[in-house]
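Report on the following structure.
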Amino acid sequence: MENRVKLFALPFAGGSKYSYNDFRNKFPGFIDFHPIELPGRGERMTEPLVDSISGMAQDIFDQIKEHLNQPYAIYGHSMGTLLGYLLIHIIKDHNLPLPLHLIVTGCGGPSSEEKELDRHKLSKVDFKKKLNEYGGSPKEVLDNDDLFDFFEPIIRNDFKAVETYEYQTLEPFAVPITCMIGLSEQTTEEEAKLWQLETTLPISVRQFPGGH
């Protein structure tokens, strides 16, 4: 089929490519949905975790750089929004075609201040409680000690990567951005609008009922 668009989906904290399984049948036929796997999870479980956002973004670039000469877009949720932002700058620095669109959910612009900087240092009990507050973590994982012990280091690693990231002002890229947030989550509309600082094109901010 002509005019197909590849949609790269970047993981949220603790997520793997399998986290997006329910999305696969939600798209029209011209979308080629391609969730990305990071080291230390899913199909790459035997590889060491990467504990920096910049390192993760570089890993993603290395995976997709040979596939950027066809129309594509980037989607990221929560941690994935920051990965998408840095990934586009890497792509831009390599003079490769930029995405048609950046779609972000559950997170304000990169320049917004991180509200919680020490989640990765919480005790096991408090860490589990925090995950339960956010919602989205499967109950079978939170309620099963063996499963939680398996996923806990991955989630802590990702929280550390986000919480230790230091924003730097970079030249805006020419990519339209759509930011979607829940009315009941911590991210505010004002924080979502900060995405405008990162692009020369108009952004769209949409709010929906629900949480993170």
Side-chain angles (χ1 to χ4, degrees), residues 1-13 15 20 23 26-36 38 52-115 161-162 165-183 185-210 212:
M1 182 183 296
E2 296 182 359
N3 301 320
R4 293 184 65 83
V5 175
K6 188 178 287 290
L7 178 60
F8 295 109
L10 312 185
F12 47 85
Y20 287 121
F23 283 65
K26 306 293 185 182
F27 298 100
F30 68 89
I31 297 292
D32 180 13
F33 186 60
H34 189 79
I36 296 295
L38 285 173
S52 73
I53 287 293
S54 60
M56 292 179 187
Q58 182 63 51
D59 181 275
I60 295 169
F61 174 74
D62 291 339
Q63 292 185 57
I64 71 172
K65 62 185 177 182
E66 304 300 328
H67 305 282
L68 302 182
N69 288 314
Q70 66 181 90
Y72 72 98
I74 295 172
Y75 166 71
H77 175 66
S78 197
M79 179 183 79
T81 70
L82 194 52
L83 290 172
Y85 160 73
L86 292 177
L87 175 62
I88 292 176
H89 278 289
I90 296 174
I91 293 169
K92 182 171 175 280
D93 289 344
H94 283 78
N95 295 312
L96 291 170
L98 296 178
L100 299 174
H101 212 101
L102 172 63
I103 305 160
V104 294
T105 57
C107 196
S111 63
S112 57
E113 294 185 5
E114 176 60 48
K115 297 182 178 68
V162 171
Y165 167 74
E166 295 184 7
Y167 175 77
Q168 295 180 333
T169 302
L170 300 174
E171 181 182 356
F173 41 65
V175 177
I177 299 175
T178 296
C179 178
M180 295 179 277
I181 57 174
L183 290 167
E185 68 172 307
Q186 286 188 327
T187 302
T188 66
E189 183 179 9
E190 289 71 25
E191 290 170 331
K193 288 179 177 178
L194 290 174
W195 280 104
Q196 188 61 76
L197 297 175
E198 313 307 335
T199 178
T200 58
L201 301 177
I203 70 167
S204 173
V205 175
R206 303 181 184 181
Q207 292 179 282
F208 298 90
H212 186 65

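Side-chain contact between M79 and Y165: absent, with no pair of heavy atoms (C-beta onward) separated by less than 4.5 Å. A 4.5 Å side-chain heavy-atom check between F8 and P35 finds every atom pair outside the cut-off. The shortest distance between side-chain heavy atoms of V175 and L201 does not fall below 4.5 Å. Side-chain contact between I91 and F173 is absent, with no heavy-atom pair separated by less than 4.5 Å. For the pair F23 and L7, the minimum side-chain heavy-atom distance is 4.5 Å or more. In this structure, the side chains of H67 and D32 stay at 4.5 Å or more apart for every pair of heavy atoms. The shortest distance between side-chain heavy atoms of T199 and L102 does not fall below 4.5 Å.
Every residue meeting the side-chain hydrogen bond (donor to acceptor under 3.5 Å, both in side chains) condition with D62, not counting sequence neighbours, appears here in chain and number order: Q58. By the salt bridge (charged side-chain N to carboxylate O under 4.0 Å, His left out) test, E171 is found to be paired with K92, residues two or more places apart in sequence or in another chain being considered. Partners of T200 by side-chain hydrogen bond (donor to acceptor under 3.5 Å, both in side chains), not counting sequence neighbours: none found.
In this structure, NZ in K65 is found 10.5 Å from CD1 in I90, a value given to the nearest 0.5 Å. Expressed to the nearest 0.5 Å, how far NE2 of H89 lies from CG of L98 amounts to 10.0 Å. Rounding to the nearest 0.5 Å gives a distance of 6.5 Å between CD1 of I36 and CD1 of I60. Atom OG of S112 and atom CG of L197 lie 10.0 Å apart (nearest 0.5 Å). Taking CD1 of I74 as the reference point, atom OG1 of T81 lies at 12.0 Å (rounded to 0.5 Å). Rounded to the nearest 0.5 Å, atoms CG (L87) and CD (Q63) are 10.0 Å apart.
Across all their heavy atoms, W195 and G109 have their closest contact at NE1-N, 3.4 Å. The two atoms that bring A192 and C179 nearest to each other are CB-SG, 3.7 Å, heavy atoms only. Between L86 and A57 the shortest heavy-atom distance is CB-CB, 3.9 Å. In terms of heavy-atom proximity, Y85 sits nearest to Q168 at OH-O, 3.7 Å. Minimum heavy-atom separation, V5 to A73: CG1-N, 4.1 Å. When all heavy atoms of C107 and I181 are compared, the closest pair comes out as N-CG2, 4.2 Å.
Formation of a donor-acceptor pair under 3.5 Å by the E191 side chain with backbone atoms of T188 is found in this model. Side-chain atoms of R4 never come within 3.5 Å of backbone atoms of P71 as a donor-acceptor pair (strictly under, hydrogens ignored). With hydrogens and angles disregarded, a donor-acceptor distance shorter than 3.5 Å links the side chain of Q196 to the backbone of I203.
Taking the ring centroids of Y72 and H34, they lie at or beyond the 6.0 Å cut-off.
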Inset, instruction - Carefully, step by step, assess F61 and L96 under the rule side-chain contact (heavy atoms from CB on, under 4.5 Å). - result: CA-CA 11 Å; F61 174 74; L96 291 170; 3.8 Å; yes
Inset, instruction - Let me see the working for E198 and L170 under side-chain contact (heavy atoms from CB on, under 4.5 Å), right down to the final yes or no. - result: CA-CA 8 Å; E198 313 307 335; L170 300 174; 5.6 Å; no
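Side-chain contact, Y75 with T105: a donor N or O sits under 3.5 Å from an acceptor N or O.
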